[in-house]
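Each remark here refers to the structure printed beneath this line.
These numbers come from a predicted model, not from an experiment. All chains are named by letter (A, B, ...) in the order of the sequence lines, taking the proteins before the strands, and each is independently numbered beginning at 1.
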Amino acid sequence: MLSINDLHARVEDTTILKGLDLEIKPGEVHAIMGPNGAGKSTLGYVLSGRDGYEVESGSVEMNGKDLLDMEVEERAQAGIFLAFQYPVEIPGVSNMEFMKESVNAIREARGENALSSAEFLKKAKDACKQVELPLDFLKRGVNEGFSGGEKKRNEIMQLIMLEPKLAILDESDSGLDVDALQVVAKGVNSQRDGERSFIVVTHYQRLLDYIQPDYVHIISNGKIVKSGGPELAKEVEASGYAWLAEAEGVDA
Amino acid sequence: MSQWLNHVLERASTVDDWLSPVRAQALDTLKQQQWPTRRTEAWRYTSLHPVADLELKAASVNATAEAPLIEGLNSLDLVFVDGQLNTDISQLKLPEGVTISELSAPSQTAEALFAQVKPSRHLFGLVNDVLAQQGVVIDIAAGAKVEQPIRIVNFASAGIESHQRTLVRVGENAQATIIEHGSGSGNSLNTAFAEYDIAEKARLEHYRFALHEGEAIHIGGSHFKLHDHAKLNSTLIGYGSQLTRLDVDIEHAGEHAFAKFNNVYLLAPRQHFDLHSTIEHASPNGTTEENARGIIGDRAKAVFNGRIHIHRHAQKTLAELNNRNLLLTRGAQINTKPELEIYADDVQCAHGATVAEIDEDALYYMLTRGIDKQQALVMLNFGFVQEMVSQMPNKALADWLQPILKTRFESMMEQQ
């Protein structure tokens, strides 16, 4: 459903992705691991179309369509969802209003009817329950004053509501204790239906104990340097990323 | 010196009516005024260049217009076209306790209020004093609870110079709602000043809509005097035009008076809007809450000067002034200046001004959720304006204004 070919991208004058290849089929979960600065988060931003992340060369196709040619909101409407490492606070816009606008924009793009208020509310309540987010969070400003863990759960709540084709989780485990991590993982796992694909970006193996990936890729210096099954994550856990520096002769 | 002001002085000498003795005083003061330049503090950020040599016609007597309909408002409308009263007051069915007369007809209320509430420092207020021959005088009898809003509609047509005056007395314990509804988009000059005397325990709900646009020049003011336990709830909405300048003065003359003053300005590209507000706490135990919020489009310029003056005897005053602005582009401009002068020691006074630009991170976050850009910008940036509108006590007015301001904001975004 997604093919990334020889992708080079930069932020300002610094090239961060330097020839990244990745092939994802429907229903697959791909974990992307790597040291800080390897380009993990950049991949999520480039796929979502963030301003300032400029593609130098290469291609990204989603179900045969040129993803890089689409605007940020068109990518979301086409089924890309990015769970942010640092979700943005938007005071003055309630979570409810935000999600309603969002769900209906995506439904409209898919040719579906807008949800009625009652239908929306039911769906929102169910999603909150799944990630153990109290219902009054719907009335609060988007992420406004939420703790780190609440923000991460709010991201997964959105994932559940928006039913994307490809969800990119950008360090959804960072800053979470084990209990919160399990809640996030449970929410994500509930969305694995054999069709929906995932890119799980993480620094640590820990998250992958709860979200079992089909493939694990190690990214270093802007490209994937090693791919394997879940066992590769365990290897990283045991030996860290220092071996990358030796293997490549670059700073990890 | 200004050619235009010279003509004003000439014309003033030909005005002859029952108010002439008061006008003569104003004329004396006016003659001593210097034409404001950028070095004049009150006009520092607003150039009077468009007025200096302006030559426009006086109003034609035959012009007519319909007041814009506001659904559910059911207001009593007094319509002025280019300063000329277009409504036959004698035919109006007035609510109980309401007396309305024309400025041209001698009345005690007019005599007591004309140029009495409005401070004489406003240059264009003095111009209005000497030239405004048409206007209305509204008297709300003591104890009258007037449900029906009274609306003064002011149209300014292209090519015309006009001056209009409103005088209102709200009697003891009385309640009333007054709306000043001005508009015009052609090259015109309109001055409109209103003076309100709010007696003991009286309540005034007030709105001023300065919906002038394009080439219109609109200069005016609303001035309020609050007596013991009087309450004022005022909302001002401004669009900005070639030049819009408004002065609002609220004087706490009596004790335990309360004033809430909200204002919103939404400036389309290249428009100018200047609001100077002055709150005089001359007596103890007064409360003022003032909130000004603006969105400023490309190369548009807004000026907000909010002064709070707490006199030496005005102990136990509570005063808050807040101004928030959003600049839509780097070319948009706001000059904001809260000014506090406090001579009493037992008061609570807070002020703040913020200027923000579009939050790109929040915008990106919304786009990644599939929300289109226009809609995201409205959601992100319109909320703080919406909040002011939703605080308007009159629901029909809020319901009318809400979509109008939203559409205006959307078109401002499209013009970026």
Side-chain angles (χ1 to χ4, degrees), chain A residues 44-53 70-110 141-144 151 154-155 157-159 161-168 170, chain B residues 262 264 266 291-296 322-330 352-391 398 402-403 405-407 409-410 412-414 416:
Chain A
Y45 291 144
V46 169
L47 292 180
S48 71
R50 184 168 200 159
D51 251 6
Y53 288 75
M70 299 181 196
E71 300 290 342
V72 180
E73 64 274 28
E74 291 171 341
R75 297 180 196 205
Q77 290 163 5
I80 297 257
F81 177 87
L82 173 64
F84 282 52
Q85 183 180 3
Y86 302 108
V88 181
E89 295 198 15
I90 313 179
V93 177
S94 76
N95 225 358
M96 179 91 93
E97 183 190 358
F98 175 60
M99 280 324 292
K100 196 164 184 183
E101 216 38 73
S102 171
V103 165
N104 284 334
I106 285 171
R107 288 181 66 89
E108 192 188 328
R110 287 188 200 141
V142 177
N143 293 316
E144 189 181 3
K151 283 179 180 167
N154 199 37
E155 294 293 285
M157 186 274 280
Q158 295 177 35
L159 161 63
M161 296 284 292
L162 296 176
E163 304 169 346
K165 293 196 175 82
L166 170 68
I168 305 158
D170 187 7
Chain B
N262 281 348
V264 168
L266 287 183
N291 269 295
R293 295 184 180 176
I295 300 179
I296 300 131
N322 190 274
N323 175 225
R324 286 170 64 186
N325 298 281
L326 173 72
L327 303 181
L328 292 185
T329 70
R330 288 289 162 92
T354 61
V355 179
E357 293 175 41
I358 286 172
D359 182 343
E360 295 293 343
D361 287 343
L363 177 61
Y364 166 64
Y365 188 63
M366 295 180 90
L367 297 177
T368 66
R369 300 310 186 239
I371 300 172
D372 75 47
K373 198 169 174 182
Q374 287 299 328
Q375 180 60 20
L377 286 167
V378 168
M379 291 173 73
L380 276 177
N381 300 314
F382 197 61
F384 81 124
V385 162
Q386 220 152 355
E387 206 184 317
M388 294 282 94
V389 176
S390 64
Q391 284 181 21
Q402 175 74 33
L405 293 186
K406 186 164 176 239
T407 306
F409 175 71
E410 283 166 347
M412 281 163 66
M413 298 301 320
E414 275 161 25
Q416 297 308 320

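Annotation: maximal heavy-atom pairing with chain B below 4.5 Å, among A:Glu101, A:Glu108, A:Gln77, occurs at A:Glu101.
Heavy atoms closer than 4.5 Å to chain B are found nowhere in A:Val103, neither backbone nor side chain. Residue A:Glu97 touches chain B through both its backbone and its side chain, counting heavy-atom pairs closer than 4.5 Å. When heavy atoms are compared at a cutoff of 4.5 Å, A:Ile90 approaches chain B solely by way of its side chain, counted from C-beta outward. Using a 4.5 Å cut-off between heavy atoms, A:Asn104 makes no contact with chain B at all. Both the backbone and the side chain of B:Tyr365 have a heavy atom closer than 4.5 Å to some heavy atom of chain A.
For the pair A:Glu155 and B:Arg369, the salt-bridge criterion is met [side-chain N within less than 4.0 Å of a carboxylate O]. Using a cut-off of 4.0 Å between Lys/Arg side-chain N and Asp/Glu carboxylate O, B:Glu387 and B:Arg293 are scored as salt-bridged.
Annotation: cation-pi pair A:Arg50/A:Tyr45 present, NZ/CZ under 6.0 Å from the ring centroid and within 45° of its normal.
Within a 6.0 Å radius of CZ in B:Arg330, no more than 12 heavy atoms belonging to other residues, nucleotides or ligands are found.
Judged purely by distance below 3.5 Å, without hydrogens or angles, the side chains of A:Ser48 and A:Tyr53 never pair a donor atom with an acceptor atom.
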